[in-house]
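One is the number of the first residue; the rest follow in order along the sequence.
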Amino acid sequence: MPYVEERLYSTVCPRCGAKMAEERGRVMHCPTCGFGAHRDSAPMTWRRRGTGG
């Protein structure tokens, strides 16, 4: 089985696709839809969605 490396974004909002801004403490916030998550947790939202962006 071939290995597929998939990049899961931490700076792109998994809800609306807008660029998120980094706030204090590595927390990412989307100015468009209001989504917020820790930078290390945001990629897991992409994974739960079933897409890498």
Side-chain angles (χ1 to χ4, degrees):
M1 177 181 281
Y3 175 77
V4 177
E5 183 176 342
E6 188 174 333
R7 174 141 163 58
L8 300 175
Y9 303 100
S10 63
T11 59
V12 177
C13 179
R15 286 189 187 163
C16 70
K19 182 165 175 63
M20 295 199 298
E22 186 168 356
E23 297 178 347
R24 181 177 280 181
R26 294 179 52 92
V27 173
M28 303 303 288
H29 180 260
C30 178
T32 304
C33 72
F35 174 80
H38 190 275
R39 186 178 179 119
D40 297 335
S41 300
M44 297 319 303
T45 306
W46 281 109
R47 175 50 44 210
R48 283 192 292 270
R49 249 182 89 177
T51 180

Pairs flagged by salt bridge (charged side-chain N to carboxylate O under 4.0 Å, His left out) wherever residues 20-38 is involved - sequence neighbours left out: Glu22-Arg39, Arg26-Asp40

Nonpolar side-chain network containing Val27, other nodes, edges under 4.5 Å: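 Its cluster mates, by chain and number: none.
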
Shortest non-hydrogen contact between Lys19 and Pro31, atoms and distance: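 What the structure gives for the nearest pair is O-CD, 3.6 Å.
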
Shortest non-hydrogen separation from Gly17 to Val12 and the atoms involved: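 Heavy atoms of Gly17 and Val12 come nearest at O-CG1, 3.5 Å.
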
Heavy-atom side-chain proximity of Cys16 to Phe35 below 4.5 angstrom: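 No, every pair of side-chain atoms sits at 4.5 Å or beyond.
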
